[in-house]
Amino acid sequence: MNISWPVENLSKKKLIAIPLIIAAFFGASIAYNFYRTGSAVPLSLEFSGGSFIRIQNIRQTEMNEIKTAFESEFDTPAEIHGTENGVEIETKADLLGLQENKSAEEIIETILSDIGINREVEIDIETMGSIISLLYKKQARNAAIAALIAMAVILFISLRHFTAIGGILSVIGLDFLGILGGMALLDIPLSLASMAGILLIFGYAVNTNILLSTNILRRKGGTSRERAAKAMNTGIKMSSTSAIAMIALNLITTSPELNQISAILVIGILVDMANTWLMNSGILLRYETRRKKKYHARI
Amino acid sequence: MALLVLALILSTLFIVAPWKEPQPEGAPLPNTIKGPNWGVDITGGSRILLRLEATQADIEFSNPSENSVTNFMERFRENIESPVSLVAGENAGGTSKRITVEVGRYVSRDLIISLLKEGEDIIGFDKGVVSEQTQDLVKNSLKTRVDPYGTLGAQFKPLGRNNQFLQFEVSLGLEEAKKLLGKEGLPEVFVDNKRVIWSEHIRNVVRSLQEGEWGVSFTLTEDGKERFADYTGRKPNISDKKGHPGVIYLDRPVNSVIIFQKDILEFIRNQAANIGLKSAGYSEKANKFVYTTSDRPTTPLNEEHPYYLQVPAIMVEDGQVPAAEENYVLSLIGRGEVNQALLMGERDSFSSIVRKDNLVIDNEPVLPVENTSRLQNESYIGWLNRVVGLESWPTLQSSITGNVENLRRGLRISTGGKDEAEELRIILSQRLPVEVTHISETHLDPRLSTGFMEEAAYAALIAFIVVGVLVYSFYKRFKIVIPLLITMASEVIITLGAASAVPGGLMSIGLPGLGGLIAVVGTGVDHQIIITDEVLGEKFSETKRLPIERRTSRAFSVIFAAAATTVAAMVALAAFGFGAMRGFALVTLFGVLISVFITRPAYARIIGTLLEREKS
């Protein structure tokens, strides 16, 4: 099977166009999600603020009553899931902020006894005040920007080739769009863990694209397409091994954070494959051909 | 190559860390592997975000006299019921002087204005700004309160601008963590087993350097002075206590009795030297633990000074309380001296005497019990000290024992080192300089740890096998697959080892850290493939001519550029990110640096040699 078929045969315009179309599709799903929920991608507790409550010793039959009780008490929608022994409730209410004379547990106990649940229950509460979710958001944004700037600087120093750098940055941009789109479609929340995954993909994109650019621009043997094909060969091998390892991790682990990171890595790798080997190849090949024309023309 | 082997050996050493304490129940890995400092999100614990509430104001004095600022500060301190401190001051041209004051709670601008006098103007007002010194002070105070020996992995991370927020993480349950944070801190000083002074007698604590030794000086109230002089030698039947330790407790659990399992006594005895004691043990007659301080240079006669830990304690052997001890407990209860028991030991060992969280004697519940668990990385003697609230036992100087006159100038406790002096100062002056509110509390579930590591190991194994199969399908040569897998494995071990070598106080390996580990291995495989392809690639006549070394160095130019970018991103992340991100960034950083400089070159060399042999 010839993996590098697209690079060898498709016209440069098609190479650039296909990923853009895919990106448009992702963009649309993000926009749709935004329209539906008010934010581009689902947000985890850390970024949206709210409380996460685990109550043990609750029967499944009581779930709906509890949900209604919470929603009416705090005047904000609540989500409830059943667990082995009890329930988990997610609500936007900031229980910590509401504590005045009663502790958060007491507030919940009152809610439960109001609907007739008087037995002993075990309550675990996590609250993320709206103040710090704002803080986290800000810091996440700052960190991401700083990392991007740092990466761009290094790229500039090591490559010194505007088209190549432009290509890499566009790929990173499209990768980001693709990942967000994937998160919107598959309901993967944006959390600190998923942010880490996104940054990893950026580093990954740099890997694959430097491989591609070095091969097309700096090496000498064969036509530029052949060189691109060689790079793509190596690249696809890389991507598939990483992707498979991540899939294995995702299937086996039950920890939500690791699930998020591995899912994002898989999405990112796949999206990156399309963006790098199709779009960036197209861009660089076009550049190469033009350069040669100019060179030959001068002679 | 040699470097690789050396790194492997060192890392395995750090991961297994045989020199560390055995871990308590519930630790993620079996007890043979003690090295890594697991973050709170893996071991379970609590994360609380604190907000420091302070207000800063800039005041300008138009024609200040010598005492203007001092008068101003005194006036403020008397009228505002919170601590007020001077943050900055400068002469602002001409005869005016500007200062910045910080009030330890939120106050309104009007309140400040109402306290100003003629010639004083408010020129700046910032609600919510906290000075760095204050934030540091709060951080250190709380840390000493919660984790004096640094064994609970308590971490305080500043968050956000204006030094307002502190994120606090510790491997304790949420209730316990909140309790520890919230406590006022009651210091008590015992001399020769007698409670001499406590918080209400202590004033004006400062750090001081005298004759080359750091220490803490403080003044006592009149009452305090009399008591101190009396009990350190002035009273007729009390000998001069110079050279004795002044034993300082912070939040000693009064009204509690300790019930401990006999096995831990051996550990405690052996660890006495670790904390500077001559010996540690237990007195069955007195039903108390006994510490003996070691000889100090300031003790002229090389005397030994034993003292009891001022919380009654009962030893349990083979799960049973001896009859005599039972009577002791009952008498303590009868006299109203205790109303709870603190258990020290494995939970199961108490099963025959504890029922439904109550101590049972003659089949009757007599005392509610609380289980105190020894925490990860905590020594047994550290555990004991934490349970009884024992802070330190500095030696009393002869100049202050038994004499009220000398106390007029205040007491001084010499600690020797500057850091110890600072810690002692914090303990004795327990009031925090600002109001602290909890903004968020997160319980980090310890059940993540049970089976988590098994899962992770299992996943890693599967990933390995899958990658191995895939790589074989690419190259169809075992000579390539095997070194590749070995390199991958080494990278994991070395990165984990390096991360474990970092002391727990600086960095802990949490879930993001594990994510970083994954990242390293993921990119590692990629780079290995790049190297392999470059070395093997003989498609173009040009490459065929190149010797193996040239090929590998071409591969490396690609790898270096990519790695440099990752390094830059990680550094930026570690600098600008906060807690969670930092752990991830650091682990990834270690991994990338290690792999680029050690493992990948090693792999390249191995492949190069194997292929050269093939050719010839």
Side-chain angles (χ1 to χ4, degrees), chain A residues 96 124-129 131-132 135-136 138-140 142-143 146-151 153-155 158-159 192-193 195-197 199-200 202-204 206-207 210-211 214 219-222 226 230 233-234 237-242 244-246 248-249 252-255 257-258 261-262 265, chain B residues 49 51 159-160 165 438-443 445 448 452 455-456 458-459 462-463 466-467 470-471 474 511-512 514-516 518-519 521-523 525-527 529-530 533 537 539-543 557-558 560-562 564-573 575-578 580-581 584 588:
Chain A
L96 196 58
D124 259 327
I125 309 178
E126 283 178 33
T127 29
M128 215 33 87
I131 302 180
I132 53 157
L135 200 66
Y136 274 176
K138 242 204 285 185
Q139 293 230 309
N142 289 345
L148 281 173
I149 294 181
M151 279 168 45
V153 166
I154 298 282
L155 277 177
S158 59
L159 286 181
L192 293 176
M195 265 204 58
L199 286 169
L200 282 176
F202 287 171
Y204 190 82
V206 170
N207 248 341
I210 289 188
L211 182 65
T214 329
R219 301 292 156 82
K220 304 265 177 3
E226 283 175 346
K230 168 174 175 275
N233 243 305
T234 312
K237 284 185 210 161
M238 281 163 50
S239 304
S240 41
T241 37
S242 303
I244 295 238
M246 286 304 125
L249 184 65
I252 296 182
T253 185
T254 53
S255 141
E257 279 94 348
L258 288 184
I261 294 188
S262 49
L265 285 177
Chain B
L49 189 71
R51 180 174 60 194
L159 220 57
F165 297 101
H438 293 196
I439 300 209
S440 95
E441 301 165 353
T442 312
H443 170 60
D445 212 339
L448 266 181
F452 173 77
E455 234 181 51
Y458 187 52
I462 302 269
V466 161
V467 167
L470 205 57
V471 171
F474 291 153
L511 276 171
L514 281 186
I518 298 173
V521 178
T523 41
V525 178
D526 296 344
H527 290 177
I529 293 186
I530 294 182
D533 269 10
K539 232 188 194 175
F540 308 124
S541 52
E542 184 217 285
T543 13
S557 63
V558 174
F560 266 153
T565 327
T566 316
V567 167
M570 290 303 125
V571 168
L573 203 56
F576 285 86
F578 33 84
M581 291 282 113
F584 167 76
T588 315

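Atoms considered below: every heavy atom in the structure, side chains included; atoms not considered: hydrogens, waters and symmetry mates. Proteins get letters first, then strands, A, B, ... in listed order; numbering begins at 1 in each.
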Atom pair CD1 (I154(A)) and CZ (F560(B)), whose distance is rounded to the nearest 0.5 Å: 13.0 Å
Non-neighbouring partners of S239(A) that pass side chain to side chain donor-acceptor pair (under 3.5 Å), sequence neighbours left out: Y204(A)
Heavy-atom pair of closest approach, residues A568(B) and A150(A): O-CB, 3.5 Å
Residue L200(A) versus chain B: region with a heavy atom under 4.5 Å: side chain
Shortest non-hydrogen separation from N207(A) to H527(B) and the atoms involved: OD1-NE2, 2.8 Å
Residues which pass side chain to side chain donor-acceptor pair (under 3.5 Å) with T241(A), listed by chain and number, not counting sequence neighbours: none
Nearest atoms (heavy-atom pairs only) where A245(A) meets V467(B): CB-CG2, 4.1 Å
Under 4.5 Å from a heavy atom of chain A, the part of I530(B) involved: both
